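First up is the structure itself, then whatever we jot down about it.
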Number of protein chains: 2
Amino acid sequence: MFFLKELPTEEMVRNYTRNYSSDPARISETLHMMRRASLLIRKLEAYFASHNLSQLRFLILIVIDREPDEHSALTPQDILDRLDVSKPVLSRTLQTMERDALIRITANKKDGRSKSVFLTDQGRAKLTAVLPDYYALLVEEL
Amino acid sequence: MFFLKELPTEEMVRNYTRNYSSDPARISETLHMMRRASLLIRKLEAYFASHNLSQLRFLILIVIDREPDEHSALTPQDILDRLDVSKPVLSRTLQTMERDALIRITANKKDGRSKSVFLTDQGRAKLTAVLPDYYALLVEEL
DNA sequence: CCATTTTAGTTATCATGATAACTTAATGAG
DNA sequence: CTCATTAAGTTATCATGATAACTAAAATGG
C-alpha cells in the first residue's frame, strides 16, 4: 500500500529527479492516484470485513456470478485466469469460503486434478447484499 | 488489493446499479483507477523487495530524509503523523530496519516514553540508490 | 503532590498477500 | 505402452497489513 500523507510537491519531485530527466508532473499525478487508490482500497476492505468478506472473496463471488449460465461453476484455474492473484492464496481463500458456506466445491468430472466451484444461495445473497454500498463507496470517493 | 483482470463494462455496472441510482461512468473510472494502482503497487513492491525494502520502509526513509535539518531525527509518533499506517506495524518495521542498519534508534532525551529515529549512512545511501528507478517505474506506468 | 487520565510504544494474534516445494493427474514423445 | 513433462492444487513459510491488550512515562487536576 501507499500511505504517505503529504505527497511531495512537483517542485520536490523535480529536485529528486533532476539528474534522471523524468517527468515530474506525471510522477506527481501518479503519486496522487496511488494515494487515492490506497485509501479507497482500505475503505473497501473495512466495508467487506464488516460483511465477513474481503476484496478477494468478493471478486471470487463476482466472477462466478458473472458466468452466463445459471448456477454454473468455475474451476480454480478459471478463477486464476480472471483474477491477478497467486494460486496458493486462491486455494486458501476458496477453502475458507467453503467453510463459510459462500461456495460449494466438488470434484471435477472431466479432470481429476481439478475442482468445480459453485456459488451457494448464501453466496449469491451475500453478493446482492453487498453490492449497493460497494458502488456507493466507489462513487462517494474522489 | 484490487485484482480483477476484466473490469465490468459500463453497461454491466449500469445493470448492477440500476436500482440504486448511482453513476456508472464514475464507477467505471474508479474501478480502472484502482486496478491501475494495484498493479503499479505490486510492481513497486517487487522493486523494493529486490533492494531489501518495502513501500513502508521506503516511505520511512523518505520522511526522515525530508526533514530540513541535516541528520535530524523523527520520533515514531512523528512518522505516524506523516504516514497512514498503524502503530504496531510501524513499531515492528522500525525494529527490522534497525536490525538491517538502515536506521538508528535512540532513547529520546525529552520524553522517556519516546524514541529518536535517525537515518544511518547506509539508509541514506539506500534511498539514493533506489530513487531513480522508483521514479522511472512511476513514469513508465500508465 | 498524589491519583487519574492520556500518550508512546510493544506484544500477541490474526488476515491476506507472496514464493518454493510438494502431490497427483493428464499429456505426449518415443 | 511407458516414462518424462506439464498442469492443477495444496502445504509450508514468510512479509506486511490490522486490532486488542499491555507497560511505562508524562500530563493533569483536585
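All values reported here derive from a predicted model rather than from experimental measurement. Chain naming here is simple, since letters A, B, ... match the order of the sequence lines and numbering starts at 1 in each.
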TODO: Check whether any side-chain heavy atom of B:V63 sits under 4.5 Å from a side-chain heavy atom of B:D78, and report yes or no.
DONE: no
Open item on the list: At 4.0 Å (heavy atoms only), tell me whether A:L56 reaches a base, stays on the sugar-phosphate, or touches nothing.
Closed with: sugar-phosphate
Open item on the list: So does B:K87 get a backbone contact from the side chain of B:S91, meaning a donor-acceptor N/O pair under 3.5 Å?
Closed with: no
- [ ] To the nearest 0.5 Å, tell me how far A:R26 CZ sits from A:E10 CD.
- [x] 13.0 Å
Task: Pairwise 5' ranking along DNA chain C for A:K110 and B:Q95, keeping only the more 5' one - done: B:Q95
Open item on the list: As a test of reading the structure: which of D:dT11, C:dT11, C:dG9 is closest to the side chain of A:P88, going by heavy atoms?
Closed with: D:dT11
Task: Value in whole Å for how far the P atom of D:dA18 lies from CZ of A:F48 - done: 18 Å
Task: Between C1' of D:dT16 and CG of B:L94, the distance in whole Å - done: 14 Å
Open item on the list: Checking contacts here: which listed nucleotide (C:dG17, D:dT10, C:dG9) is nearest the side-chain heavy atoms of A:V89?
Closed with: C:dG17
Task: Rounded distance in Å - CG (B:D81) to C1' (C:dG9) - done: 14 Å
Open item on the list: Both A:L90 and B:V85 contact DNA chain D. Taking the nearest nucleotide for each, which residue is further toward the 5' end?
Closed with: A:L90
Open item on the list: Both B:S91 and A:K87 contact DNA chain C. Which one's nearest nucleotide lies toward the 5' end?
Closed with: B:S91
- [ ] Give a yes/no on whether any side-chain N or O of B:S86 is located under 4.0 angstrom from OP1 or OP2 of D:dT19.
- [x] no
Open item on the list: Mind checking if A:E45 touches a base, just sugar-phosphate, or nothing, with heavy atoms under 4.0 Å?
Closed with: nothing
TODO: Report the distance from atom CD1 of B:I79 to atom C1' of C:dG9, rounded to the nearest whole Å.
DONE: 12 Å
Open item on the list: Is there a side-chain hydrogen bond (donor to acceptor under 3.5 Å, both in side chains) between B:H51 and B:R57? Walk through the geometry before answering.
Closed with: CA-CA 11 Å; B:H51 285 270; B:R57 281 172 161 231; over 6 Å; no
Open item on the list: In this structure, how many angstroms lie between the P atom of C:dG17 and the CG atom of B:L44, rounded?
Closed with: 18 Å
- [ ] Verify the contact: side-chain N or O of B:R42 to OP1 or OP2 of C:dA18, cut-off strictly under 4.0 Å; return yes or no.
- [x] yes
Task: Any A:Q55 side-chain N or O less than 4.0 Å from OP1/OP2 of C:dA15 - done: no
Open item on the list: Looking at the base of C:dT7, is there any donor atom on it, or on the side chain of B:R113, that sits under 3.5 Å from an acceptor on the other one?
Closed with: yes
Task: Below 4.0 Å: OP1/OP2 of C:dT16 and any side-chain N or O of A:S54 - done: yes
Task: Distance test, side-chain N/O of A:S114 to OP1/OP2 of D:dG9, below 4.0 Å - done: yes
Task: Sugar-phosphate, base or nothing in reach of A:D111, heavy atoms under 4.0 Å - done: sugar-phosphate
- [ ] Tell me whether the OP1 or OP2 atom of D:dT10 has a side-chain N or O from A:K115 closer than 4.0 Å.
- [x] yes
TODO: Starting from C1' on D:dA15, measure out to CG on B:N52 and report it in whole angstrom.
DONE: 12 Å
Task: Value rounded to 0.5 Å, distance of CG in B:L40 from CG in B:L137 - done: 7.5 Å
Task: Minimum side-chain heavy-atom gap A:L53-A:Y47 below 4.5 Å - done: no
Task: Distance, rounded to the nearest Å, where A:R57 contributes CZ and C:dA15 contributes P - done: 10 Å
TODO: Pick base, sugar-phosphate or nothing for A:P76, based on heavy-atom distances below 4.0 Å to the nucleic acid.
DONE: sugar-phosphate
- [ ] Would you tell me if any nitrogen or oxygen in the side chain of B:T75 comes within less than 4.0 Å of OP1 or OP2 on C:dA8?
- [x] no
Open item on the list: Looking at B:R92 and D:dG17, is any side-chain donor or acceptor paired with a base atom of the opposite kind under 3.5 Å?
Closed with: yes
- [ ] Take the protein atom CD of B:Q77 and the nucleotide atom P of D:dA26, then report the distance between them rounded to whole Å.
- [x] 15 Å
